[in-house]
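Everything on this sheet refers to the single structure shown next.
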Protein chains: 2
Amino acid sequence: MSEDVHGTEVTLGRIETEVALLMRLGEATRRGTGTMEHRLLDRAAYVILRHLDAAGPQNVSALAARLSLDGSTVTRQVSALQRDGLISRTPDPADGRGTVISATAAGLQRMAAVRAARTRLYGDILAAWPEADRETLADMLHRLNEALDARTRRR
Amino acid sequence: MSEDVHGTEVTLGRIETEVALLMRLGEATRRGTGTMEHRLLDRAAYVILRHLDAAGPQNVSALAARLSLDGSTVTRQVSALQRDGLISRTPDPADGRGTVISATAAGLQRMAAVRAARTRLYGDILAAWPEADRETLADMLHRLNEALDARTRRR
DNA sequence: CCCAGATAGCTGTATCGTACAGGTAATTTT
DNA sequence: AAAATTACCTGTACGATACAGCTATCTGGG
């Protein structure tokens, strides 16, 4: 029994280590990839466009809540995206305070290009992996994210 | 055959999505956990101390190369850590240009506390997971990091 | 052995992503 | 209809990072 507890702690420690490492490597990769796909769209812009693509037009508050970001952060990101013609703001017909953010065709296209580039990058990184392992990785990441998200929202 | 290619792309797309999501959630979690464990040690400080713990005292350039960071960034991080008594600088006896960075006892202890808190957090987040799944997750993350790191260094 | 070039580290400056505090306008509650 | 809440925006600040440029030191070819 004490062995089980010990094994559990070791595994959790490994997970903590690997997630921390992934965050660092992911940042470095994103930064290093720059001047190509990344210059097209910075990180926040990308996640906002992805979310708009996945969940449809919505107002700033909804985006902020969904992305666990401050409203002011989203406001600024959205302003930059609008300046670049990647999203459009329209007044919310149902609520005079709100503005609905929609991805433009250009925005979706730009996002898709970045996404494709990143997908290619993963194809490169995981070139030696058998498909079954890639699927296991995708599954595990998905479950981890679900668990993390549930926890974030519970608080 | 065309089906295999299609399946592969789908999986890579999923991995791309989940890694992007994990980066975002990880950031949000780190931020949200704040005022407790995190206030003790900001992100960069943590990875530097972890690396010093794992790999021993070394100079700024070695740290920067290993962490894929600019030397100036590490210099500043190290200065902050020194101000807080968490690392110490000593002249490199073998190279008059260099300074060797060592974690202090206080630094290691602080790092261990943060690490324990994070490990606890993962225990909380993954409370419902069987040990076997946790191990699979840890393995997959480890392999992903190896692949990412290899790619980063190859470039 | 000496100087030219490389390297280690630091400092100045700039950028990005983010938060918090405070403001205004619109909406909802009582 | 007054009070409280909400949605968004703006001012300001901070943390993490990069790049350019500086000084001190090291090293290898003449």
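Worth knowing before you read on, the calculation uses all heavy atoms, side chains too, and leaves out hydrogens, waters and symmetry mates. The chains referred to below are lettered A, B, ... by the order of the sequence lines, with proteins before strands, and numbering in each begins at 1. All values reported here derive from a predicted model rather than from experimental measurement.
Every residue two or more places apart in sequence or in another chain was checked for a side-chain contact (heavy atoms from CB on, under 4.5 Å) with B/Ala65, and none qualifies. Take A/Arg24 and apply the salt bridge (Lys or Arg N to Asp or Glu O under 4.0 Å) test, not counting sequence neighbours, and it matches no residue. Every side-chain hydrogen bond (donor to acceptor under 3.5 Å, both in side chains) that A/Thr17 has, sequence neighbours left out, goes to B/Arg50. Scanning for salt bridge (Lys or Arg N to Asp or Glu O under 4.0 Å) contacts around A/Asp133 gives B/Arg143, with sequence neighbours left out. Under the side-chain hydrogen bond (donor to acceptor under 3.5 Å, both in side chains) criterion, A/Asn145 pairs with B/Glu18, sequence neighbours left out. Taking the side-chain hydrogen bond (donor to acceptor under 3.5 Å, both in side chains) definition, one finds that B/Asp149 meets it with B/Arg153, sequence neighbours left out. Residues satisfying the side-chain hydrogen bond (donor to acceptor under 3.5 Å, both in side chains) test with A/Asp95, not counting sequence neighbours, are A/Arg97. Residues satisfying the salt bridge (Lys or Arg N to Asp or Glu O under 4.0 Å) criterion with B/Arg134, sequence neighbours excluded, are absent altogether.
Residue A/Arg24 places no side-chain N or O under 4.0 Å from the OP1 or OP2 atom of D/dT17. Neither OP1 nor OP2 of C/dC16 sits under 4.0 Å from any side-chain N or O of A/Gln77.
Nucleotides of DNA chain D nearest to A/Thr99 and B/Thr73 differ in position, and the one nearer the 5' end is that of A/Thr99.
A/Ile48 pairs in a side-chain contact (heavy atoms from CB on, under 4.5 Å) with only one of the listed residues (A/Leu63, A/Asp53, A/Leu69), which is A/Leu63.
Spacing between atom OH of A/Tyr46 and atom P of C/dG17 amounts to 15 Å, rounded to whole angstrom units. Distance A/Glu27 CD to D/dA16 P: 12 Å, rounded to the nearest Å. Rounded to whole angstrom, the span from the CG atom of A/Leu69 across to the C1' atom of C/dA19 amounts to 10 Å. At whole-Å resolution of the value, CG in A/Asp92 and C1' in D/dC8 are 12 Å apart.
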Report all side-chain donor-acceptor pairs from residues 84-93 of chain B shorter than 3.5 Å, counting only partners two or more places apart or in another chain.
{"residue": "B/Arg89", "atom": "NH1", "partner": "B/Gln82", "partner atom": "OE1", "Å": "2.6"}
{"residue": "B/Arg89", "atom": "NH2", "partner": "B/Ser79", "partner atom": "OG", "Å": "3.1"}
{"residue": "B/Asp92", "atom": "OD1", "partner": "B/Ala94", "partner atom": "N", "Å": "2.9"}

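Side-chain polar atoms of A/Thr11 and B/Glu131 form a donor-acceptor pair below 3.5 angstrom.
Among the heavy atoms of the strands, none lies under 4.0 Å from A/Gly71.
Across residues 54-64 of chain A, A/Asn59, A/Val60, A/Ser61 each have a non-hydrogen atom less than 4.0 Å from an atom of DNA chain D (numbered order).
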Show me the protein contacts with nucleotides 26-30 of chain C, counting only N or O atoms at under 3.5 Å.
{"residue": "C/dA26", "atom": "O3'", "partner": "A/Gly96", "partner atom": "N", "Å": "3.4"}
{"residue": "C/dT27", "atom": "OP1", "partner": "A/Gly96", "partner atom": "N", "Å": "2.8"}

Identify each atom pair where a protein N or O and an N or O of nucleotides 10-13 of chain D are less than 3.5 Å apart, giving names and distance.
{"residue": "D/dG11", "atom": "N7", "partner": "A/Arg76", "partner atom": "NH2", "Å": "3.4"}
{"residue": "D/dG11", "atom": "O6", "partner": "A/Arg76", "partner atom": "NH2", "Å": "2.1"}

